[in-house]
Novice: 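Mind looking over this structure? Questions follow.
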Amino acid sequence: MSDNRKRYKRIADAIAEEIRSGVYRAGDRLPTERELAVQFKVSRPTLREAMIALEILGYIEARQGHGIVVKAVSPDPLPMSDSEIGAFELIEARRMFESEVAALAATLITDEQLDDLKKLARRMEDPSPAISERADREFHMLIAQVTGNGAIVSSVENLWDWRYRSPLARNILARTANLGMKARVAEHSQIIEALEKRSPDAARQAMREHMDRVIEHLLATTELVEVEKARAAGEARRKALAKRFLKA
C-alpha cells in the first residue's frame, strides 16, 4: 500500500519516531538541515516544514551555538492531521497555479483593471498590516477575476484562505510579517508591467519570480539552526578584519 502522507509529515513522523525510540534523546543535537535534506532526499522547503512541525509540537528547539536540539521525548504520535497544509506547500501550489492564471489574464485584462491593480499595489504601502495584506489578497483575486472563470477564482481564493484555516501555515506565515514592503510593491509592479504588455510569458515569469521570493523569505525567516547564522556572521567578520589588515 502506498504512503499517501504529505512529504513533510513523513519526515516529521520519522524523526519523531527516532526520538521516541531513543535514537535521539532529550538534549541530543540533530544532524544539520543540510544533512537531513540529503538523508531524506527532499528539498529545503519540505525539510524546513517538517522541522517547524516538530518545533511547534515541542519535540525540538534551536539553541544558539548548538543547532537543533531534542527538547522532549513523547510516547505519543504526532497529533497532526494528514489534511494539515503547510505554508511551503501553499506557496508551491500558488506558484504553479497563479503563474498560469497571470498568463491567461495577460490576454484578457482591460486598461480599467490595470488601473485597479495599480491602486491596490499602492495600497500595499499602507503602514497598517491589515490594510496592506487585504490589498495583497485583492490584487491576486483581481487577476483571477480577469480570467472570467469562476473555477479559477474559487481556486485562487481557496489557496489564499488556507493560510487562515491551517495552524501550521498560519504559524509559519506569521513569522514573515517583516517581508520588505518596498520589495513586495516592486514585485507586484513588475507583474502589472507584464500584464500591461499583454504578454503571457512575461506575466507568468513575473508571478513565478514573486512566489520564488516569498519562498526564499520563508526559508530565511524560519531559520532553525541559529549556529549556522552565527558561523556565517563570524566568517563575514573575519573577512572584514582580513581586508583591513591587508590595507594596513
Side-chain angles (χ1 to χ4, degrees), residues 4-9 45-46 49 53 80-124 126 128-177 179 184-185 187-215 217-218:
N4 292 320
R5 288 175 301 167
K6 300 179 186 303
R7 286 173 297 172
Y8 80 84
K9 191 172 187 301
T46 298
E49 202 112 68
M80 185 170 288
S81 168
D82 285 334
S83 63
E84 181 77 16
I85 300 294
F88 289 101
E89 286 186 317
L90 274 178
I91 301 304
E92 184 178 51
R94 288 186 61 200
R95 181 185 186 278
M96 179 182 69
F97 191 73
E98 290 194 51
S99 296
E100 294 307 317
V101 174
L104 177 58
T107 67
L108 300 167
I109 198 163
T110 66
D111 289 341
E112 182 180 1
Q113 289 167 328
L114 283 167
D115 288 340
D116 288 340
L117 286 176
K118 291 174 183 177
K119 292 175 184 176
L120 288 170
R122 289 194 292 271
R123 200 183 305 166
M124 288 181 209
D126 194 285
S128 167
I131 293 175
S132 177
E133 182 174 336
R134 186 161 57 249
D136 194 354
R137 183 184 187 281
E138 290 177 10
F139 182 97
H140 289 272
M141 287 304 304
L142 178 53
I143 293 176
Q145 290 160 5
V146 168
T147 68
N149 185 313
I152 288 177
V153 173
S154 294
S155 297
V156 171
E157 184 175 34
N158 190 50
L159 284 171
W160 185 279
D161 291 344
W162 258 113
R163 65 169 58 198
Y164 307 113
R165 298 196 293 268
S166 169
L168 179 59
R170 191 166 61 245
N171 182 284
I172 296 175
L173 289 166
R175 307 181 189 199
T176 66
L179 176 61
R184 183 199 292 186
V185 173
E187 288 165 19
H188 285 79
S189 296
Q190 289 169 2
I191 293 172
I192 294 172
E193 290 174 9
L195 291 169
E196 206 161 18
K197 294 176 183 176
R198 271 69 176 186
S199 169
D201 289 340
R204 180 185 295 111
Q205 185 62 27
M207 186 64 77
R208 282 180 180 170
E209 289 176 357
H210 169 51
M211 295 299 176
D212 284 342
R213 184 175 182 278
V214 173
I215 290 173
H217 187 74
L218 279 174

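Sequential numbering from 1 along the given sequence is applied to the chain's residues. What you see is a predicted model; the values in this text were computed from it and never measured. Note: hydrogens, waters and symmetry copies are ignored here, and every other heavy atom, side chains too, is used.
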Novice: Can you give me the closest heavy-atom contact between Leu195 and Ala203, atom names plus distance?
Specialist: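 So the two residues come closest at CD2-CB, 3.9 Å.
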
Novice: Hey, could you give me each pair passing salt bridge (charged side-chain N to carboxylate O under 4.0 Å, His left out) that has a residue in residues 144-155? Not counting sequence neighbours.
Specialist: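 Qualifying pairs: none.
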
Novice: Specify the closest pair of heavy atoms between Gln113 and Leu108, including all atoms of both residues, with the distance to one decimal.
Specialist: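 Answer, listing the atom of Gln113 first, then Leu108: OE1-O, 4.2 Å.
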
Novice: Give me the atom names and distance for the closest heavy-atom approach of Ile91 to Val214.
Specialist: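 Heavy atoms only, the tightest pair is CD1-CG1, 3.8 Å.
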
Novice: Do Arg198 and Asp111 sit within salt-bridge range, that is, some charged N less than 4.0 Å from a carboxylate O?
Specialist: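 A salt bridge links Arg198 with Asp111.
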
Novice: Flag the pair Arg204 and Asp201 as a salt bridge only when some basic side-chain nitrogen lies within less than 4.0 angstrom of an acidic carboxylate oxygen.
Specialist: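 So Arg204 pairs with Asp201 through a salt bridge.
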
Novice: Would you indicate whether the side-chain heavy atoms of Val156 and Phe97 approach each other to under 4.5 Å?
Specialist: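 Yes, their side chains come closer than 4.5 Å.
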
Novice: Report yes if the side chains of Met96 and Glu92 come closer than 4.5 Å at any heavy-atom pair, otherwise no.
Specialist: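 The answer is no, as the side chains (C-beta and beyond) never meet within the 4.5 Å cut-off.
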
Novice: Check Glu209, Arg94, Met207 against Ser99 for a side-chain contact (heavy atoms from CB on, under 4.5 Å) and give me the one that passes.
Specialist: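 Going through Glu209, Arg94, Met207 one by one, the side-chain contact (heavy atoms from CB on, under 4.5 Å) with Ser99 is satisfied by Met207 alone.
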
Novice: Answer whether the closest heavy-atom distance between the side chains of Lys118 and Ile192 falls below 4.5 Å.
Specialist: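 Heavy-atom side-chain distance check passes, below 4.5 Å.
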
Novice: On the 0 to 90° scale, with breaks at 30° and 60°, tag the His188-Phe139 ring pair as parallel, tilted or perpendicular.
Specialist: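 Because their plane-to-plane angle is over 60°, the rings of His188 and Phe139 count as perpendicular.
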
Novice: Donor-acceptor pair, Glu49 side chain versus Tyr8 backbone, under 3.5 Å?
Specialist: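 No: the side chain of Glu49 does not pair with the backbone of Tyr8.
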
Novice: Any idea which heavy atoms bring Ala93 and Leu159 closest together, and the distance?
Specialist: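 Looking at all heavy atoms of both residues, the shortest contact is CB-CD2, 3.9 Å.
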
Novice: What are the two closest non-hydrogen atoms of Trp160 and His140, and how far apart are they?
Specialist: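 Answer, listing the atom of Trp160 first, then His140: CZ3-CD2, 3.8 Å.
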
Novice: Please report the C-alpha distance between Ile109 and Glu196 in whole Å, then the side-chain angles of each, then the deciding distance to 0.1 Å, and finally whether the side-chain contact (heavy atoms from CB on, under 4.5 Å) criterion is met.
Specialist: CA-CA 8 Å; Ile109 198 163; Glu196 206 161 18; over 6 Å; no

Novice: Does Leu104 offer a backbone N or O that forms a donor-acceptor pair with the side chain of Thr107 under 3.5 Å?
Specialist: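 It does hold such a pair.
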
Novice: Among Val146, Ile143, Val153, Asn149, whose side-chain contact (heavy atoms from CB on, under 4.5 Å) with Val101 holds?
Specialist: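 Per the side-chain contact (heavy atoms from CB on, under 4.5 Å) rule, the option paired with Val101 is Ile143, out of Val146, Ile143, Val153, Asn149.
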
Novice: Determine the minimum heavy-atom distance between Ser132 and Met124, stating which atoms define it.
Specialist: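 Nearest heavy atoms, Ser132 then Met124: OG-O, 2.9 Å.
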
